[in-house]
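Hydrogens, waters and symmetry mates play no part in the numbers below; they use all other heavy atoms, side chains included. Quick note: residue numbers are just sequence positions, from 1. Owing to the predicted nature of the structure, the values given are computational and were not obtained by experimental measurement.
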Amino acid sequence: MTDLPFIIAGGGIGGLAAACGLARKGQRCIVVEQASQLGEIGAGIQIGPNAFHCFDYLGVGDQARSCAVYIDQLRLMDAQTAEDITSIPLDAPFRAFYGNPYAVVHRADLHGVLLKYCVDSPLIDLRTDHRVLGYTQDGSSASLLLDGRDPIKGRLLIGADGLRSPIRAQMIGDGEPRVSGHTTYRSVIPTEQMPEDLRWNAATLWAGPKCHIVHYPLKGGKVYNLVVTYHRDVQEAIAGRSVPREEVAQGFDHIHPKARQVIEHGDNWKLWVLCDREPISNWVDGRVALLGDAAHPMLQYFAQGACMAMEDAVALSHCVEHFGASDEGALQRYQDMRRVRTARVQMNSRLIGEYIYHPDDAKAAVRNSVMRGMSPDDWYRQLKWLYGSNGLESGVSAGNADP
């Protein structure tokens with residue numbers, strides 16, 4: 001059955017990255033997507049050096065660098081006092097330490113880099129308007145079950161179908177995702193609409209009690225990405241709902257006016273309620289495996305959701321190449337390579353939200369004291385476990401440190 005293609009359910013960043021990685025190893029892939037066209041919703045995302053290590057491994061490093069914005073620093077501000085807490089310079093020493101830069105990019109641009117590779121590859125077949133129902137397998141192949149269409153048979157099936165993955169629902173059966181109650185509002189505005197005193201070439205986080213504000217430049221500095229989050233204890237999962245500015249501003253009276261003006265200048269706000277799941281140890285059922293948010297959905301606070309999905313794609317293609325004598329064994333190696341690392345990022349994302357983004361009073365004072373005492377070298381060592389890998393046990397593939 002090795003002449004059968006790999007089937008990938010989901011045409012987002014993780015699914016397309018998996019197709020790129022497998023095609024680089026000479027494997028045929030069919031990628032199916034529920035939407036009528038392939039694309040990404042949302043706006044900006046932050047991509048650490050580990051993501052660039054993955055781009056290099058997947059063969060799209062130069063293209064990814066060409067659409068990224070290279071910010072000068074990660075900047076943490078106290079949202080109540082407008083005082084600097086700390087910053088991490090992202091200059092030449094940072095790039096030399098990790099072998100690649102830190103950048104921000106529009107999600108659609110990043111998706112477009114992967115999509116172009118897939119469109120250009122004769123080994124990748126992209127199909128839209130395919131709604132996934134589940135899967136079957138017989139020991140020598142796996143079949144993807146679709147609504148109103150014939151099943152698609154493949155060598156292996158990869159569920160890269162997101163937070164509410166039907167593949168995961170059948171495999172794990174853990175119900176709906178955990179609703180955090182944290183409400184995030186997003187907007188993208190022209191740079192001239194951004195307050196002049198906040199037009200920093202930085203990924204800036206204003207951390208406050210039960211809330212935070214993030215902003216950074218996109219599209220070559222032509223626009224700014226705005227992200228405003230508040231604990232509203234909402235129990236319903238919502239994605240992409242348009243809301244008025246007045247709703248976004250509710251609950252931010254305790255924030256310094258310098259930070260609050262970001263909300264006043266934002267426009268066309270859209271609402272998401274953040275969700276994740278508990279880490280799990282088992283992502284594999286025979287010839288079926290999960291990838292990205294289907295395997296390990298996480299809160300946004302570590303800025304690692306897309307990065308972890310790309311690392312999954314690297315690990316999957318690596319295991320297929322090196323352990324492919326047994327297809328099921330290759331998937332087990334992939335799972336074993338990834339589950340502890342991704343669980344660590346899931347758990348840290350929650351902790352960072354509580355103790356760095358949103359603490360109050362004494363907890364905030366401890367945060368400020370500890371983080372103000374850290375040098376750039378301290379930060380580099382602290383984050384080496386995360387940024388120094390592309391998700392493989394053997395470490396990183398060498399990347400170009402220059403944008």
Side-chain angles (χ1 to χ4, degrees), residues 3-25 27-43 45 54-55 58-60 63-64 67 105-137 141-171 177 237-241 270 272 287-295 297 305-306 309-310 312-313 316-317 320:
D3 59 329
L4 289 172
F6 285 75
I7 310 300
I8 300 171
I13 288 172
L16 295 188
C20 293
L22 290 167
R24 293 266 290 174
K25 306 302 181 182
Q27 305 296 335
R28 291 192 303 122
C29 303
I30 298 174
V31 180
V32 303
E33 166 58 38
Q34 177 174 316
S36 59
Q37 61 183 19
L38 288 159
E40 275 285 336
I41 62 171
I45 56 174
C54 293
F55 295 141
L58 298 172
V60 294
Q63 296 89 331
C67 68
V105 65
H106 197 287
R107 182 177 289 269
D109 292 341
L110 174 55
H111 185 268
V113 166
L114 298 169
L115 179 58
K116 184 178 187 308
Y117 184 100
C118 292
V119 169
D120 291 344
S121 173
L123 294 174
I124 301 173
D125 178 5
L126 301 171
R127 305 180 185 181
T128 56
D129 284 315
H130 283 55
R131 190 169 79 86
V132 173
L133 298 179
Y135 63 89
T136 61
Q137 55 184 323
S141 66
S143 294
L144 182 64
L145 305 180
L146 301 162
D147 184 17
R149 297 179 182 270
D150 292 336
I152 303 175
K153 179 181 285 191
R155 175 179 166 185
L156 297 172
L157 169 61
I158 308 303
D161 46 345
L163 179 68
R164 288 180 174 78
S165 160
I167 305 297
R168 180 182 176 123
Q170 179 175 337
M171 182 188 298
I238 301 169
R241 177 190 296 173
K270 287 185 168 37
W272 278 260
R287 291 178 170 268
V288 184
L290 304 176
L291 182 147
D293 281 351
M310 287 186 287
D312 289 348
L316 174 67
S317 56
V320 166

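The line from CE of Met171 to CG of Leu157 is 7.5 Å long, rounded to the nearest 0.5 Å. How far CZ of Arg127 is from CG of Leu146: 9.0 Å, rounded to the nearest 0.5 Å. Taken from CG in Asp161 to CG in Leu290, the straight-line distance is 7.5 Å, to the nearest 0.5 Å. Residue Cys29 holds its SG atom at 4.5 Å from CD1 of Ile8, rounded to the nearest 0.5 Å. Distance CZ/Phe55 to CG/Leu110: 4.5 Å, rounded to 0.5 Å. Separation of atoms CG (Leu38) and OG1 (Thr128) is listed at 6.5 Å; rounding is to 0.5 Å.
Put simply, the side chain of His111 never gets that close to the backbone of Asp109: no donor and acceptor are under 3.5 Å apart. Gln170 places a side-chain N or O within 3.5 Å of a backbone atom of Tyr135 that can act as its donor or acceptor partner. Using modelled atom types, one side-chain atom of Arg168 and one backbone atom of Ala295 make a donor-acceptor pair closer than 3.5 Å. At distances below 3.5 Å, at least one donor-acceptor pair connects side-chain atoms of Arg149 with backbone N or O atoms of Asp129. With hydrogens and angles ignored, the 3.5 Å screen pairs no side-chain donor or acceptor of Arg28 with any backbone N or O of Leu22. No donor-acceptor pair under 3.5 Å is formed between the side chain of Arg287 and the backbone N or O of Gln137.
Considering only heavy atoms from C-beta on, Ile158 stays 4.5 Å or farther from Ile7 through its side chain. When side chains are defined from C-beta on, Gln27 counts as touching Val320, because their heavy atoms get closer than 4.5 Å.
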Can I get a per-line list of side-chain donor-acceptor pairs under 3.5 Å for residues 113-124, giving both atom names and the distance, sequence neighbours left out?
from: Lys116; atom 1: NZ; to: Asp120; atom 2: OD2; distance (Å): 2.6
from: Ser121; atom 1: OG; to: Leu123; atom 2: N; distance (Å): 3.1

**Study point:** Test side-chain contact (heavy atoms from CB on, under 4.5 Å) applied to Val31 and Asp125, step by step
**Key:** CA-CA 6 Å; Val31 180; Asp125 178 5; over 6 Å; no

